[in-house]
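Here's the structure, in structure tokens; my notes come after.
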Amino acid sequence: MSSTQLGTPRVDGLAHLFSMDEQETIDGLEPLITVHQLARYLDVPVQRIYDWRIAGIGPRGYRFGRELRFTLPEVQRWMDERAEPTDAR
């Protein structure tokens, strides 16, 4: 595998969740965010993320032991699915 490099996520709308100092990426792998980062971005309680997932309406994540992580493209896809139609005001 190639050497690691610091990088920014490919999903521009969520890129501010990472600073170059806090997220190290490996070539070919998407950066992961935590439940706390996602909750902070959405301005909702952390428990709401878990509740949405239990209800089957939260973003798809990856579990590593007790830790839950999300890829930025998956979060963006999930958000896009929930966008209101432009005429629904």
Side-chain angles (χ1 to χ4, degrees):
M1 188 173 274
S2 64
S3 63
T4 62
Q5 67 179 19
L6 292 176
T8 56
R10 285 183 241 168
V11 180
D12 295 331
L14 303 175
H16 69 280
L17 289 176
F18 292 96
S19 72
M20 289 188 66
D21 294 334
E22 69 182 43
Q23 181 67 32
E24 186 171 314
T25 60
I26 299 173
D27 290 339
L29 294 178
E30 293 292 340
L32 300 172
I33 62 170
T34 67
V35 173
H36 291 276
Q37 288 172 309
L38 180 57
R40 186 172 52 236
Y41 175 72
L42 297 174
D43 195 25
V44 298
V46 170
Q47 185 60 48
R48 184 152 314 145
I49 305 297
Y50 290 111
D51 293 344
W52 285 338
R53 288 179 44 83
I54 288 169
I57 59 172
R60 192 178 116 203
Y62 297 88
R63 189 161 295 280
F64 303 100
R66 295 182 65 183
E67 303 298 323
L68 184 60
R69 299 288 189 266
F70 305 92
T71 63
L72 295 177
E74 175 58 27
V75 171
Q76 187 67 56
R77 183 202 59 76
W78 174 77
M79 288 175 26
D80 290 345
E81 288 177 353
R82 278 144 190 81
E84 291 184 336
T86 55
D87 60 347
R89 293 180 185 216

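Just so it is clear, the model here is predicted, and its values are computed rather than measured.
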Extract all donor-acceptor atom pairs below 3.5 Å that involve side chains of residues 46-61 and protein atoms in other chains or at least two apart in sequence.
| from | atom 1 | to | atom 2 | distance (Å) |
| --- | --- | --- | --- | --- |
| Q47 | NE2 | D51 | OD1 | 2.8 |
| R53 | NH1 | P59 | O | 2.9 |
| R60 | NH2 | Y62 | OH | 2.7 |

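Between the CZ atom of R82 and the CZ atom of R77 there is a distance of 7.5 Å, given to the nearest 0.5 Å. The structure places CG of L38 at 12.5 Å from CG of L32, a figure rounded to the nearest 0.5 Å.
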side-chain contact (heavy atoms from CB on, under 4.5 Å) for R69 and I33? Distances and angles first, verdict last. CA-CA 5 Å; R69 299 288 189 266; I33 62 170; over 6 Å; no
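Judged by distance alone, the side chain of E67 and the main-chain N or O of F64 form no donor-acceptor pair under 3.5 Å.
Under the rule for a side chain to side chain donor-acceptor pair (under 3.5 Å), the partners of D80 that lie at least two apart in sequence or sit in another chain are Q76.
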